[in-house]
Number of protein chains: 2
Amino acid sequence: MAIKLFDSELRVMDVLWREGDTTAKRIAEDLKEQVGWSKTTTYTVIKKCLDKGAIERRDPNFVCRPLITREQAREFETTELINKLYDGAADQLVASILGRRNLSPEEIERLKRLVESLE
Amino acid sequence: MAIKLFDSELRVMDVLWREGDTTAKRIAEDLKEQVGWSKTTTYTVIKKCLDKGAIERRDPNFVCRPLITREQAREFETTELINKLYDGAADQLVASILGRRNLSPEEIERLKRLVESLE
DNA sequence: GCACCCATTCTATTGCAGTAGAATATAATG
DNA sequence: CATTATATTCTACTGCAATAGAATGGGTGC
């Protein structure tokens, strides 16, 4: 399940992740609204997603269903970043973020609890 | 200090981050070795870095010095990722990594201490 | 001061993501 | 059915990152 999704494809996926199974028509309407895409652009990108197995099509009505979860996409992109800039060490990325001090007190609190819950 | 560095540019920067100030000639040699780049490719990319202020040139000898730190580049790219896939919430990214369970016990231990040291 | 070699710049090519218009198929309507 | 409108596909264009060859410049030994 390691598929690179391009930015345009992520836009389509994002609609599906937020709204669940959705007709192509509806996706096109949403993205027209959200990012001004022509509807043919949306259909083209949907096709790319289908071709690479990121979504599947159900008929009638060209209903699109995501086959990749948001978490999978996150993991893929994050791993890519870690390899590109953090020498492949995930904890370096985490350390870097924690060291930035632009986290809110609430975020810190949540993270503390999260880390403690490990193990 | 918010400059987007492309992958090719990051290769040049990486040499500078690892080795410190370095002549263009030497960078070209390194990257020829490491990634098989033609030396003109390296010079072209160095020029891009110069133009966007990521490095500066000292003469004689075309010595390149990085003006952007590795940490700045990391922060930029990481923020980009967070905005693209994590709804702009840094802690979601951290949570996602922590939840992956491909961290070693040592890493977990280090992170625990790190998080606890936050205020 | 000239010829040669290497350093550097200039200019061009390529590949691909992003975008959408033209063409076609399918569904709705009278 | 025939006609129109809408949904869907096909094909093409564009911009730009990546890469490098050709052209130029500058130093060095003779």
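A, B, ... follow the sequence lines: proteins, then strands. Residue 1 opens every chain.
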Enquirer: Atom CG of Leu31(A) and atom P of dG18(C): how far apart are they, to the nearest Å?
Expert: 13 Å

Enquirer: Using a heavy-atom cut-off of 4.0 Å across all strands, would you classify Arg57(A) as base, sugar-phosphate, or nothing?
Expert: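 The residue Arg57(A) makes sugar-phosphate contact but no base contact.
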
Enquirer: At less than 4.0 Å, is any side-chain N or O atom of Trp37(B) found next to OP1 or OP2 of dA20(D)? Yes or no.
Expert: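 For dA20(D), OP1/OP2 do not have a side-chain N/O of Trp37(B) under 4.0 Å.
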
Enquirer: In whole Å, I'd like the distance from the NZ atom of Lys39(A) to the P atom of dA7(D).
Expert: 6 Å

Enquirer: With sugar-phosphate meaning primed atoms plus P, OP1 and OP2, does Phe6(A) contact a base, only sugar-phosphate, or nothing at under 4.0 Å between heavy atoms?
Expert: sugar-phosphate

Enquirer: Using a cut-off of less than 4.0 Å, is there contact between a side-chain N or O of Thr41(B) and OP1 or OP2 of dA20(D)?
Expert: yes

Enquirer: Does Tyr43(A) put a side-chain nitrogen or oxygen below 4.0 Å from OP1 or OP2 of dT9(D)?
Expert: no

Enquirer: What integer distance in Å separates Arg26(B):CZ from dC6(C):P?
Expert: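 Those two atoms, CZ and P, are 19 Å apart.
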
Enquirer: Expressed as a whole number of angstroms, how long is the span from Asp51(B):CG to dC16(D):C1'?
Expert: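 Atom CG in Asp51(B) sits about 15 Å away from atom C1' in dC16(D).
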
Enquirer: Does the side chain of Ser8(B) get closer than 4.0 angstrom to OP1 or OP2 of dA18(D) through an N or O atom?
Expert: yes

Enquirer: In whole angstrom, what separates Asp7(B)'s CG from dA17(C)'s P?
Expert: 13 Å

Enquirer: How close or far is atom P of dA20(D) from atom NZ of Lys47(B), stated in whole angstroms?
Expert: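 One finds 19 Å between P of dA20(D) and NZ of Lys47(B), rounded.
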
Enquirer: State whether the side chain of Glu9(B) and the backbone N or O of Phe6(B) hold a donor-acceptor pair below 3.5 Å, judged by distance alone.
Expert: yes

Enquirer: Just verifying a value: how many Å separate Arg26(B) CZ and Leu16(B) CG, rounded to the nearest 0.5 Å?
Expert: 10.5 Å

Enquirer: Would you mind classifying the nucleic acid contact of Ser38(A) as base, sugar-phosphate or nothing, using non-hydrogen atoms under 4.0 angstrom?
Expert: sugar-phosphate

Enquirer: Does any donor atom in the side chain of Arg11(B) or Gln34(B) lie under 3.5 Å from an acceptor atom in the other side chain?
Expert: no

Enquirer: Counting heavy atoms from C-beta on, name the nucleotide in dC10(C), dT19(C), dA22(C) closest to the side chain of Thr40(A).
Expert: dA22(C)

Enquirer: Is a salt bridge present between Asp87(A) and Arg74(B), judged by a nitrogen-to-oxygen distance below 4.0 Å?
Expert: yes

Enquirer: Has the side chain of Thr44(B) got a donor or acceptor atom sitting under 3.5 Å from an opposite partner on the base of dA18(D)?
Expert: no

Enquirer: Separation of Gln34(A) atom CD from dT19(C) atom P, in whole Å?
Expert: 14 Å

Enquirer: Under a 4.0 Å threshold between the charged nitrogen and the carboxylate oxygen, would Arg58(A) count as salt-bridged to Asp21(A)?
Expert: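 No, no charged N to carboxylate O under 4.0 Å.
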
Enquirer: Tell me: CD1 of Ile27(B) to P of dA7(C), nearest whole Å?
Expert: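 Taking atom P of dA7(C) as the reference, CD1 of Ile27(B) is at 13 Å.
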
